[in-house]
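The structure presented is a predicted model; accordingly, all values stated were derived computationally and were not measured. For the single chain, residues carry numbers from 1 onward in sequence order.
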Amino acid sequence: MDVFSSLMDGFATALTPMNFLYAVIGVLLGTAVGVLPGLGPAMTVALLLPVTYALEPTSAFIMFAGIYYGGMYGGSTTSILLNTPGESSSVVTAIEGNKMAKAGRAAQALATAAIGSFVAGTIGTALLAVCAPIVVKFAVSLGSPSYFAIMVLALLAVTAVLGSSRLRGFASLGLGLAIGLVGIDSVTGQRRLTFGQPLLADGLDIVVVAVAIFAVGEALWVAAHLRRNPLQVIPVGRPWMGKKDWKRSWKPWLRGTAFGFPFGALPAGGAEIPTFLSYVTEKRLSKHPEEFGHGAIEGVAGPEAANNAAAAGTMTPLLALGLPTNATAAVMLAAFTSYGIQPGPQLFASQGPLVWALIASLFIGNFLLLLINLPLAPLWAKLLQLPRPYLYAGILFFATLGAYSVNLQAFDLVILLALGALGFMMRRFGLPVLPLILGVILGPRIEGQLRKTLQLSAGDPAGLWSEPIAVGIYILIALILLWPLLFKLVRRNRPAATPAGIPVQSGSSAPRDATGSHSHSSRSGGEPSDGDGDG
């Protein structure tokens, strides 16, 4: 009942005329930017983050929620019409969605993606409202050793599962932790990594870092691979679904939601695994398995529902623990910190009205997306025909304007360009950008918890595992780090243990190939030239 009454208060705040207007603006802005090729929700949020600075926090985060969900919706439109996923979680949607579009069923693909997003987002947000307070009650009982262990788990787990190389993931994490060290040590007062530059004494603003790595880095990367060929956009009318399409879609929507939310809520979660699991499950359960690979509607409905349910799930650790589990949540954490608000167990007590208004606005944004975007689908398709040079020149302009508006210092523009070049080089050499952003945000917080733990134990390292939960988390961390080695040992011994070695080996290689190609697609998702031939 406390949750219900708090949620009703949140709706009362979110449905005031001005806040409702900001929700509509956020949905439209998020969809408009998210639907453009190569721009995922994380880049959408980073690019539009400075827009919310002139607003008071509640209105800003209501608009932010609309941008977040709008960016998620826009990513599916790009995947279906262009076969160009904005981020790795949209790769699976593109597999069947683009095949449906090429077969003349773009309207049905967009409709099942939009309605599936609405169903999954609504259920996921309801679970968020129920689960977040429970997680908060649990988190309040934790001490500094457990918090330190949980943060280390989040960093290592997200870094270990991204991309094709753990080494590249940890290299990216190291860069992020180094950037997070810039500034004055809060305990000793010593300057770290400032290179004698007084303007670096306060550290690097996380908004400037996020805009540089996502927006500038992505724009430079796409510009480097830009050709002059026009985009081949598949024409689409108003999305609609027939009776047969509804019958084939509603179960995948629910199954996708069941896959997505738990993975999104885990500290080591994300949307890539549940979308892939949803696709495989629908292929096995489908009465029309022969359609998979040629445009099966279940292959769009399930993964898209899993993607949006995971998006709602990521809000649980973000609000209750202050832990982002994907790039978009990391940028949202940057927005909280820019307002001087610290997500975590005390957030519901210190900023209760804001949190519940934010959760209520997720319901509202979900409904607005369905109401507005089904009629506007042809308009979004026309937006895809913008000339690419103009598009990315505009992105660089707004990124520069946004970075300058943070502190009104020209020095921030130098940082923006330097980190933008770093973002470009990371894409060039296959380094995932999420570990860097997480390192910048969580690095100082991990350092604070580490110092607090060692102070409580009088400098004894044994204090780090002085709580049972911390011990359990360290065991989990060890398993995550040692799992590839154990897996290789098991595979090496398996042929010797079984006479029929060849069938076992060939059977086990198929999913590995599928996963490998999937991760490759994820890496090239930010580069439209791989998907649509236009560069």
Side-chain angles (χ1 to χ4, degrees), residues 132-159 170 173-194 200-206 209 266-268 316-325 329-330 332-334 336-351 355 435-478 480-481:
I134 297 173
V135 176
V136 166
K137 289 180 181 178
F138 167 73
V140 169
S141 65
L142 298 178
S144 294
S146 296
Y147 263 117
F148 174 75
I150 289 173
M151 289 183 183
V152 172
L153 170 65
L155 272 186
L156 294 183
V158 171
T159 302
F170 283 110
L173 177 61
L175 287 172
L177 292 174
I179 293 172
L181 286 174
V182 175
I184 295 177
D185 189 325
S186 59
V187 176
T188 64
Q190 295 293 318
R191 293 187 178 185
R192 303 186 298 194
L193 301 180
T194 59
L200 287 176
D202 291 332
L204 296 178
D205 194 287
I206 183 58
V209 176
L266 289 172
T316 303
L318 175 65
L319 296 177
L321 299 173
L323 293 177
T325 59
M332 290 191 73
L333 181 59
F336 275 107
T337 54
S338 68
Y339 276 97
I341 299 170
Q342 186 60 60
Q346 302 303 321
L347 182 65
F348 280 76
S350 61
Q351 299 287 341
V355 173
L436 183 144
I437 296 295
L438 289 182
V440 174
I441 296 175
L442 292 183
R445 296 177 60 196
I446 289 177
E447 182 187 11
Q449 295 292 348
L450 174 62
R451 285 181 161 177
K452 190 182 296 184
T453 301
L454 293 177
Q455 285 171 355
L456 291 173
S457 65
D460 185 0
L464 293 173
W465 48 85
S466 59
E467 296 182 0
I469 293 176
V471 174
I473 292 172
Y474 287 130
I475 293 173
L476 188 58
I477 289 173
I480 291 173
L481 295 177

Using every non-hydrogen atom in the two residues, find where [X] and [Y] come nearest and quote the distance to one decimal.
X	Y	answer
A320	A132	CB-O, 3.9 Å
T316	V135	CG2-CG2, 4.0 Å
G463	S457	CA-CB, 3.9 Å
L333	P343	CD1-CG, 3.3 Å
L323	I150	CD1-CG2, 3.2 Å
L153	L476	CD2-CD2, 4.0 Å

Tell me, do [X] and [Y] make a side-chain contact under 4.5 Å, heavy atoms counted?
X	Y	value
V152	I477	yes
L319	F336	yes
R191	L200	no
L450	L464	yes

Can you tell me how far apart [atom1] ([X]) and [atom2] ([Y]) are? Round to the nearest 0.5 Å.
X	Y	atom1	atom2	result
R451	S144	CZ	OG	13.5 Å
W465	S146	CH2	OG	14.0 Å
R192	I184	CZ	CD1	10.5 Å
L436	I179	CG	CD1	4.5 Å
L347	L321	CG	CG	11.0 Å

Please indicate whether Q346 has more than 12 foreign heavy atoms, meaning atoms of other residues, nucleotides or ligands, lying under 6.0 Å from its CD.
-> no

Is it true that atom CG of D185 has more than 12 heavy atoms of other residues, nucleotides or ligands lying nearer than 6.0 Å?
-> yes

S466 side chain to A462 backbone, donor-acceptor under 3.5 Å = no

